[in-house]
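This report refers to the structure that appears directly beneath it.
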Number of protein chains: 2
Amino acid sequence: MGAEGTPSALDRADALEAELRARICLLDYAPGERLSETELAAEFGISRTPLRKVLARLEGAGLLVSRHGVGTFVTELDDEELDQAYALRLELASLAARLDPALPDPEALSRFRHLAERARSLRPNPDSPRPLAQLIYDFIQAQALLSTNRPLMDFATHLYTQTARLWVHSLYTSDLDLAEEIQLFAREVEDILQALEAGDLEAAALIHRAHVSLSWRRLRARRGTG
Amino acid sequence: MGAEGTPSALDRADALEAELRARICLLDYAPGERLSETELAAEFGISRTPLRKVLARLEGAGLLVSRHGVGTFVTELDDEELDQAYALRLELASLAARLDPALPDPEALSRFRHLAERARSLRPNPDSPRPLAQLIYDFIQAQALLSTNRPLMDFATHLYTQTARLWVHSLYTSDLDLAEEIQLFAREVEDILQALEAGDLEAAALIHRAHVSLSWRRLRARRGTG
DNA sequence: CTCGGATCTGTTGTGCACATCATCAGCCAG
DNA sequence: CTGGCTGATGATGTGCACAACAGATCCGAG
């Protein structure tokens, strides 16, 4: 592997899908926003046909929905579904450590150390929470390797995707305090790293669960205020 | 609603997707089997293009995978992933009753009664476990309405889809005894119906969990034997 | 007989032209 | 002024022809 000299057709489609997934999660495309097939096809230098296949896959994954004659839209979550997703994330955080725990190998550990370093050196950029969003995106993907239960981790990542979009949206609308969120996230990564270095996956899961819970609480508080 | 005189384009696509989902779950298409875009398009009287959109969505949902120049295949689950899915189903059964329980309305109750009646009158057909598979398929979809937590129930249904395919496959290969499975399922539906009529969702969840666990055990036993 | 390579066949991927649908602006009747 | 109608516009949906690709087949050299 690693011979990326000749990106085959399927790899191109997969890369495109990953790129669009990231854009949706990182709020480059806001919930409810319309995506133009024509514009996207032009941007990536391809025809509408292969682009439409990728959009269809994202539709199957529940991130997009297309309406004939209207447009293709990023899915939205109402408050109720957001709460349900958060409640599920709390439960799943415990499950991950209990069901099929996978002790992180040295490479994975170094990846977490790198994440912690990035979190420490992250300074709030008033007009763009994107660096933080990107950091959390990478963090979740690293965390998905802490259990060998693929269905569970796939679903956990999916739920993160759904909740993070609304969470990042609150950063953009200043419902959440960027500097505070950065500090809290850095703390979470540090704590989890410490637990991982001690080989205590259960502790790592508990820490993660606590932060998810607190994050949810802050989001609800601001929701009521706004 | 209910005016089905003019099936719009999008409805057609949705119906087609539901039909293919059912065929995959009911093992009309076995795991690993190749699906021909040309043949399917001809069968449904449409061109390859709209069919490909549906296939792409199913690919996004993790039920299909297409390889350039080779074919489109129904995804396969190895034993490890099957075990992980079963383990998850056990946990989720409890979660459904704990998180967002939804007491069944009279209509839902009557639907369960109808399912129980079908289970009672089901006689083993030596060459076709499909009626049982269809019955369980309907049962799971009815059960998905017992919690208002949509993300949870969607995921539970997805996991059922993954495990049921292998389970039904074992019925086809006679690794499982059809008559025995019919009897056990009828018992499960009766017990759950009783719990629902008493308004005890937690009991219903426990019963379901027990049956999932026992079903898993039978599957593992036959796997070791075969 | 064996092995290697060209070729052949069938598959999914791509591009393009057109059909179908939903929306909105503008206009005309009331 | 109001209300509904009609057309223009731009979106996704569809069909078809062809390209790219993988595997099987066939043929010939050794």
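Numbered from 1 within each chain, the chains take letters A, B, ... in sequence-line order. Every value quoted in this text rests on a predicted model; they were computed, and no experiment measured them.
Evaluation of the side-chain hydrogen bond (donor to acceptor under 3.5 Å, both in side chains) rule for A:T173 yields A:D175 as partners, not counting sequence neighbours. Shown here are the side chain to side chain contact (heavy atoms under 4.5 Å, CB included) partners of B:D154, two or more places apart in sequence or in another chain: B:R150. By the side-chain hydrogen bond (donor to acceptor under 3.5 Å, both in side chains) test, B:E33 pairs with no residue at all, sequence neighbours left out. In terms of the side-chain hydrogen bond (donor to acceptor under 3.5 Å, both in side chains) criterion, residue partners of B:E43 (sequence neighbours excluded) are, by chain and number, B:R23.
For the strand DNA chain C, secondary-structure stems (runs of at least three Watson-Crick or G-U pairs, all distances below 3.5 Å) span C:1-30 with D:1-30.
In this structure, the side chain of A:R209 engages the main chain of A:L90 through a donor-acceptor pair within 3.5 Å.
Atom-to-atom, NE2 of A:H68 to C1' of D:dT14 comes out at 9 Å; the value is rounded to the nearest Å. In this structure, A:L64 atom CG and D:dT12 atom P are separated by 11 Å, rounded to whole Å. As a whole-Å value, the separation of A:D14 CG from C:dG13 P is 10 Å. Distance CG (B:L55) to P (D:dT14): 13 Å, rounded to an integer number of Å. The distance from atom CZ of B:F73 to atom C1' of D:dG23 is 11 Å, rounded to the nearest whole Å.
Remark: the A:R48 side chain and the D:dG13 base include a donor-acceptor N/O pair separated by less than 3.5 Å.
Using a 4.5 Å heavy-atom cutoff, the side chains of B:L115 and B:L135 are in contact. Under the 4.5 Å side-chain criterion, counting only non-hydrogen atoms from C-beta, B:R220 is in contact with B:D83.
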Can you list the steps and then say if A:R89 with A:T163 is a side chain to side chain donor-acceptor pair (under 3.5 Å)?
CA-CA 9 Å; A:R89 286 187 67 191; A:T163 58; 2.8 Å; yes
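Within the structure, a side-chain polar atom (N or O) of A:R52 is placed less than 4.0 Å from OP1 or OP2 of D:dG13. Between B:K53 and D:dG13 there is a side-chain N or O to OP1 or OP2 distance below 4.0 Å.
Comparing atom distances between the B:S66 side chain and each of C:dC18, C:dT20, C:dG13 picks out C:dG13 as nearest. Nearest nucleotide to the B:T49 side chain, out of D:dC16, D:dG13, C:dT12: D:dC16. Residue B:V70 has its side chain nearest to D:dA22 when only D:dA22, D:dG15, D:dT12 are considered. Distance from the side chain of B:R34 is smallest for C:dT11 among the nucleotides C:dT11, C:dG13, D:dG13.
Within a heavy-atom distance below 4.0 Å of DNA chain C, the residues of residues 35-47 of chain B found are B:L35, B:E37.
Open room surrounds CZ on A:R21; 12 or fewer heavy atoms of other groups in view lie less than 6.0 Å from it.
Between A:L51 and A:G69, the residue whose closest nucleotide on DNA chain C is further toward the 5' end is A:L51.
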